[in-house]
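All residue numbers refer to positions in the sequence shown, counting from 1.
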Amino acid sequence: QVQLTESGGGSVQTGGSLRLSCAASGRTFSSYVMAWFRQAPGKEREFVGNIIRSGNATVYSGSVKGRFTISRDNAKNTVYLEMNSLKPEDTARYYCAAGSLISTVPRPYEYWGQGTQVTVSS
């Protein structure tokens, strides 16, 4: 069992930056693929990016590639999402997820946090 807690959300202007954190409970954090998803009101949950267990490889959606960076610190049981050059269309609730499979869709991820809100104003 893994419990995930996101933090770091907030309101920023276009072009600003935010760093989200996701802290995991338990001693098996390093055995999970970690991912970030986001969901805007009235829209489906959207893949942002993921990072493999070692942290040596990441995958990003086309809409955030080059602006967002995912990293993890297995010693701290934490995964991060560094967001730069933020746009109004990045406004959403951001969720971290943990799973055993590398996937760009939500279903295979077994554990989810409650999310943290990011609002980007123009």
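The shortest side-chain heavy-atom distance between Asn50 and Trp36 does not fall under the 4.5 Å cut-off. Looking only at side-chain heavy atoms (C-beta outward), Val118 and Leu18 come within less than 4.5 Å of each other. Put simply, the side chain of Arg53 does not reach to within 4.5 Å of the side chain of Ser30, judged on heavy atoms. Tyr60 is not listed as a side-chain neighbour of Val48, based on a closest heavy-atom distance of 4.5 Å or more. Residues Ile51 and Val79 have side chains in contact (heavy-atom distance under 4.5 Å, counting atoms from C-beta outward). The side-chain heavy atoms of Met83 and Leu20, taken from C-beta on, include a pair separated by under 4.5 Å. Between Val2 and Thr28, some side-chain heavy-atom pair lies under the 4.5 Å cut-off.
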Report task. Show your reasoning for whether side-chain hydrogen bond (donor to acceptor under 3.5 Å, both in side chains) applies to Glu82 and Ser71. Result -> CA-CA 8 Å; Glu82 184 78 34; Ser71 60; over 6 Å; no
Query raised in the report: Would Arg67 and Asp90 satisfy side-chain contact (heavy atoms from CB on, under 4.5 Å), going step by step from the backbone distance to the final call?
Result: CA-CA 11 Å; Arg67 300 188 297 123; Asp90 295 318; 2.8 Å; yes
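Val105 and Phe47 are not part of a single hydrophobic cluster, where members link through side-chain heavy atoms under 4.5 Å apart.
Judged by distance alone, the side chain of Thr116 and the main-chain N or O of Gly9 form a donor-acceptor pair under 3.5 Å. At distances below 3.5 Å, at least one donor-acceptor pair connects side-chain atoms of Arg72 with backbone N or O atoms of Ile52. Remark: side-chain polar atoms of Glu110 are paired, donor with acceptor, to backbone N or O of Ser100 under 3.5 angstrom. Within the 3.5 Å criterion, the main-chain N or O of Gln114 finds a donor-acceptor partner in the side chain of Arg93. Side-chain N or O atoms of Thr78 include none that pairs as donor or acceptor with a backbone N or O of Ala23 at under 3.5 Å.
Identified under the ring pair (Phe, Tyr, Trp, His ring centres under 6.0 Å) test for residues 77-122, with sequence neighbours left out: Tyr32-Tyr111, Phe37-Tyr109, Phe37-Trp112.
From Met34, atom CE reaches atom CG of Asn77 across 9.5 Å, with rounding to the nearest 0.5 Å. Note that CG of Leu86 is 11.0 Å distant from OG of Ser11, once rounded to the nearest 0.5 Å.
Side-chain contact check for Glu6 and Ser21: no donor-acceptor pair (N or O, by modelled atom type) lies under 3.5 Å. In the model, Asn84 has a side-chain atom that pairs as donor or acceptor with a side-chain atom of Ser17 under 3.5 Å.
Residues Pro88 and Ser122 come closest through the heavy atom pair CG-CB, 4.0 Å.
Taking Ser63 as the reference, Arg38, Glu46, Ser61 meet the side chain to side chain contact (heavy atoms under 4.5 Å, CB included) condition, with sequence neighbours excluded.
Heavy-atom neighbours of Glu89 CD from other residues, nucleotides or ligands within 6.0 Å: above the threshold of 12.
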